[in-house]
Amino acid sequence: MLKVIVIVGPTAVGKTSLSVKLAKRFNGEIINGDSIQVYKGLNIGSAKVTEDEKQGVVHHLIDYKQLTDRYDVATFQKDAREKIKEISEKGKTAIVVGGTGLYIKALLYDYEFVGNPINIDENKYNEFTNEQLHQKLKELDKQSAKAIHPNNRKRIIRALVMAESGIKKSEQEARQSGTMIYRAKIIGLTMDRARLKERINQRVDKMIEEGLVEETNQLFSNYSLKSQGFTGIGYKELIPYYLKQKDLESCVENIKTHTRQFAKRQYTWFNNQMPVRWYDIEDKDFLDRIYSDVEEFLNG
RNA sequence: GGUCCGAUAGCUCAGUUGGUAGAGCAGUGGACUGAAAAUCCACGUGUCGCUGGUUCAAUUCCGGCUCGGACCA
C-alpha cells in the first residue's frame, strides 16, 4: 500500500500553509483535494494558493478545469490516484490537502464508481413530488430508498436515475468493502470555534479588499452564471450584486455566514467519517508534533 | 413640550377575545458513495422594556416611567 499524507480541516484554518511546509520538509508534492480550487479563475474567492505561497512546491489538480466544465468525485478519485502513483514512483511524498470530505474519503477508501457519469435531467421529474419520487425509488431500489430521506430530492433523483440505467446504487455500494486502499496519515487542523469564526470573517473582508468583486465581475461577464464553479462560496453570493439585485454589504454578509456553516459541516464530516488525528493550531508546539508524527509515519 | 406608534428568542417579527408564547433567519448536533463550498434531517424557557393598579390569574386590560421612531409645535 502506498503511503499518503492527508491534511483536512475546516476552511480558513491554515491547511495550505501547513501543506507547503510539509512538502518542503519531506520532499513532497501537493494534490489539491478541494472541489472548487480545481477551477481556473476562481482565485481570491476560493482562497487558492498563490504562486508566492507555493514556494516552488509542485501542486496538482489545481487550476486544471474550465469554469464551465463539470467536475465530480469520480473524476477527482481517478486523477488523484494517478497523481499519488506518479509522485510515489518518483520517490517523493504525496500530500493531499483539501476540505471536500467526500472527495478525500472516495480517494482513500475503495469507493467504486462504475460506468460514466449520468447526465441527469431534473426537468424530467418536475411534475413529481418528493413523496412520489421516493415511492418510485422504493419500487426500483428499496435499499437506497430506505437510506435516503424523502426530502432529499437531489439524492433521490440520482438513485432513481441509476436504478433506471440498470445500476442500483445500493448494489454498487454493497460491492465495496469500506476499507482504505492507502496507508494514510490524516492530519486534521483545528482551532477554537469562536476564533475560527473571527478568522473567517477577517478572511472574507480581506478577499473583498484584494479584489474579489473585480474577480467575480470579470468571471460573471465571461461565463454562464450557471457554471458549476460558481456554486462555490464567495461566488454564488455575489451574483445578486452583479445583477444589481442586492447591495454589496448584504452579499458579503452572506459569504461569511455560508463560510461559517460550511466549516461546521466540515467538522461534522471529518469528525465522523474518517480517522482524523486532530492538531490544534493554537498549541505552541503543534507543528513540531506534526513533524515528528509524519516522520514516524514515513519511516514506519 | 404635545400626540401617535413600537418595545416578545442572538436578529426580524407573529400571537395570546386575560390562563406565563411561536415562525423565519442565525446558532448547535447529525446524515452523506458521480453537482458535496452541494443536498438533506433534528433541536425553540424567553425576567413577553420597567413599575404600580384591576383580577382567582396580567406578557395581554388601565396608569406612570424609560428607551426608540414618526408627526405636531
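Convention: sequence-line order gives letters A, B, ...; per-chain numbering from 1.
In this pair, A:F76 and A:Y103 present their aromatic rings parallel. The plane angle is below 30°, not in the 30 to 60° band.
Counting to the nearest Å, the P atom of B:rA37 and the NZ atom of A:K256 are 22 Å from each other. In this entry the distance linking CG of A:N43 with P of B:rA37 reads 18 Å, nearest Å.
B:rU54 makes up no base pair with any nucleotide shown, lacking Watson-Crick or G-U wobble contacts both under 3.5 Å. For B:rA7, the paired base is B:rU66 (Watson-Crick or G-U wobble, both distances below 3.5 Å). Across all strands shown, B:rC48 forms no Watson-Crick or G-U wobble pair with both distances under 3.5 Å. Taking a pair to require two hydrogen-bonding distances under 3.5 Å in either a Watson-Crick or a G-U wobble arrangement, B:rU28 pairs with B:rA42.
With B:rG29, B:rA36, B:rA26 as the candidates, the nucleotide lying closest to the side chain of A:K264 is B:rG29. Checking B:rC41, B:rA35, B:rC32 against the side-chain heavy atoms of A:R70 singles out B:rA35 as nearest. Of the candidates B:rU33, B:rG27, B:rA37, the closest approach to any side-chain atom of A:R265 belongs to B:rA37. Closest to the side chain of A:R193, out of B:rC32, B:rG30, B:rU28, is B:rU28. Distance from the side chain of A:S46 is smallest for B:rA37 among the nucleotides B:rA37, B:rA26, B:rA36. Considering only the side chain of A:N151, B:rC41 comes nearest among B:rU28, B:rC41, B:rA37.
For B:rC65 and B:rU28, the P atoms lie 43 Å apart once the distance is rounded to whole Å. Here the separation of B:rC13 from B:rC4, taken at their P atoms, is 23 Å to the nearest Å.
Base contact: A:Q176 has a heavy atom under 4.0 Å from a base atom. Here A:Q261 lies in heavy-atom contact (under 4.0 Å) with sugar-phosphate atoms only. Using a 4.0 Å heavy-atom criterion, one finds that A:F76 contacts no nucleic acid atom at all. Counting non-hydrogen atoms under 4.0 angstrom, A:D34 reaches a base of the nucleic acid. Using a 4.0 Å heavy-atom cutoff across all strands shown, A:E253 reaches no nucleic acid atom at all. In this structure, A:E173 reaches the bases: a heavy-atom distance under 4.0 Å links it to at least one base atom across the strands shown. The residue A:K226 sits apart from the nucleic acid: no heavy atom pair falls under 4.0 Å.
Among all heavy-atom pairs drawn from A:S170 and A:D141, the shortest one is OG-OD1, 2.7 Å.
Within the 4.5 Å cutoff, the side chain of A:L212 has heavy atoms near those of the A:I255 side chain.
Of the charged side-chain nitrogens involved, at least one lies within less than 4.0 Å of a carboxylate oxygen, so that A:D63 and A:K48 count as a salt-bridged pair.
Between A:T100 and B:rA37 there is a side-chain polar atom (N or O) within less than 4.0 angstrom of OP1 or OP2.
Between the side chain of A:Q172 and the base of B:rU33, no donor-acceptor pair of N or O atoms lies under 3.5 Å. Looking at A:R153, its side chain has no donor and acceptor atom pair within 3.5 Å of the base of B:rC40.
A cation-pi arrangement, defined by a distance under 6.0 Å to the six-membered ring centre and an angle within 45 degrees of its axis, is present between A:R25 and A:Y291.
Side-chain contact annotation: A:N254 with A:T257, donor-acceptor N/O pair under 3.5 Å absent.
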